Amino acid sequence: MPKLNNESIIKFQNAFVTASPRMSPRLTPLISHAIHLVVLVCSIAIFVRVFFSMGIFAWSAGLAYVFYDTALLIFIAWQTFPLLNLSPPSLSFKRSTISPTVGVIIAAYNEVEVIEKTLNALFLQIDPPDQILIADDGSDDGTAILLREVYGFELLETRPNSNCTCSNVFSSATYTQLRWLQATHGGKAKTLNQAINQLNTDIVITLDADTHLADNAIAVMRNAFSLEPALVAATGVLTPVCSNKLTGKFLQWFQTYEYVRNFISRFAWMRVDSLLLLSGAFAGYRREELLAVGGFDPDCLVEDYELTHRLRRYAFEHQLNWQVKVLGGAQARTSAPSTLSGFLLQRRRWFAGFLQTQYWNRDMIGNSRFGKIGMLMLPIKTLDTLQPFYGLFAFIFLIIFLASGKQTLLVNVFTVIGSKILIDLAFHLWSIYLYRRWTGDRTQLKFSLALAAAILEPFSFQLLRHTGAVMGWFYFITGRSVWGKQQRHQID
């Protein structure tokens, strides 16, 4: 592990201040203000129109939602055609002698129930990581006792960190590549930053303590960075796992297909060099580039999402050809919320963090300096900020129309809804077919269940997602920045 001193800590902190638009705000161009104004005015006009329109246009919020969502699905379907010619990933791997070294950081806070299985999955990799560092954010649930008893950890040294305090670093008597960083509780991002500075590998992989890697996941990630020198960040493909309780099964059913669609979407955005969303539960970065932008932002609710924006910004501002990718062959299973309250809290945090990141990077919106990200991706994300309101208002107005007994209007509305369900079903099936070819995973993806999900989702799971997002708006407006307690369960 590298030798840390005050100079290196100050350099790391200064890199963050310089690269972060939150710490060093950029001038917002007129085009960005114009895009926000147009989105706001059009949204107000659409919501108000319900009180002044007759016929189907009284359901203007629903029409806008259906049109926008369908346009995105068409774009994604068009961009994912190359997956039809892609062979499923091979499970075999032969490591090159010139491959980059890989270090895995396991983000852990009160993970006594899950961390042992996560570590076992790492030890069983066909191409094991060179270093493993447990980044323990001050756990107080017995994690420390388990780590000492099972892995024989002994105090290696006490090191300074970027918070001007000290953390204990332990080495394992059983596994030579395993270290344990025991930090004072300060949040996931702060502890990850300490861990980044205490590895010396070429590639850093972040892994949540409740995420289990497929046995070739590290090999695929290492190989991708080895073959593509311009690749600075990559995400694996995640499958959600919930508890066996009724609500857990319900949420896993919908989230499974949601994750499939989301990762297919990420492939589409990668195709137009606009991928911004990496899953911090399993993502890889070049360490030197992480240091150049100052690591993770401790004040962001979705530190992985914000970091990708900062990497992209840095590349454009320094005219670097940095690439960000999603790797279909690098797969993992991760714990997902199994209760309605847990799900809503997660989606509240995700959407509030999305709004934070969108606001801090507002100078990039519509700015041609940032290529397709500025001209295509971020303007679409500006529309996404209000999408949950469209979805909820469309449902509320539908209930009002049902109560008022407007037969002609209801026939027209349900015709639109039926057409949208058919479109969603087609996209569901398309996504599953491509996902199978891309990842080789056929275990949980059944077309019959996809059919049922497509029919029921608009009236159940989709409303939950929108509700969590609207909660995120209030969380963002009030300036909250606390994750809340995370629920864990075993992944079999």
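Here the structure is a predicted model, which is why all the values come from computation and not from measurement.
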[X]/[Y] ion pair, N-O < 4.0 Å:
X	Y	result
E228	K325	yes
D273	R312	yes
R26	E317	yes
D130	R222	yes
E289	R310	no
D202	R286	no
D208	K188	yes
R347	E258	yes

Does a donor on one side chain sit under 3.5 Å from an acceptor on the other, for [X] and [Y]?
X	Y	result
T101	T201	no
T382	Q358	yes
S139	D136	yes
W430	T80	yes

- Item | With H466, the ring pair (Phe, Tyr, Trp, His ring centres under 6.0 Å) member among Y390, Y65, F351 |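 Going through Y390, Y65, F351 one by one, the ring pair (Phe, Tyr, Trp, His ring centres under 6.0 Å) with H466 is satisfied by Y65 alone.
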- Query: In a check of ring pair (Phe, Tyr, Trp, His ring centres under 6.0 Å) between W438 and each of F267, Y433, F263, which one passes?
  - Reply: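 Only one of F267, Y433, F263 forms a ring pair (Phe, Tyr, Trp, His ring centres under 6.0 Å) with W438, namely F267.
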- Straight-line distance of Y475 OH to Q356 CD, nearest 0.5 Å: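 These two atoms lie 9.5 Å from each other.
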- Item | Backbone N/O of V112 and side chain of T143: donor-acceptor pair under 3.5 Å |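 A pair under 3.5 Å: yes.
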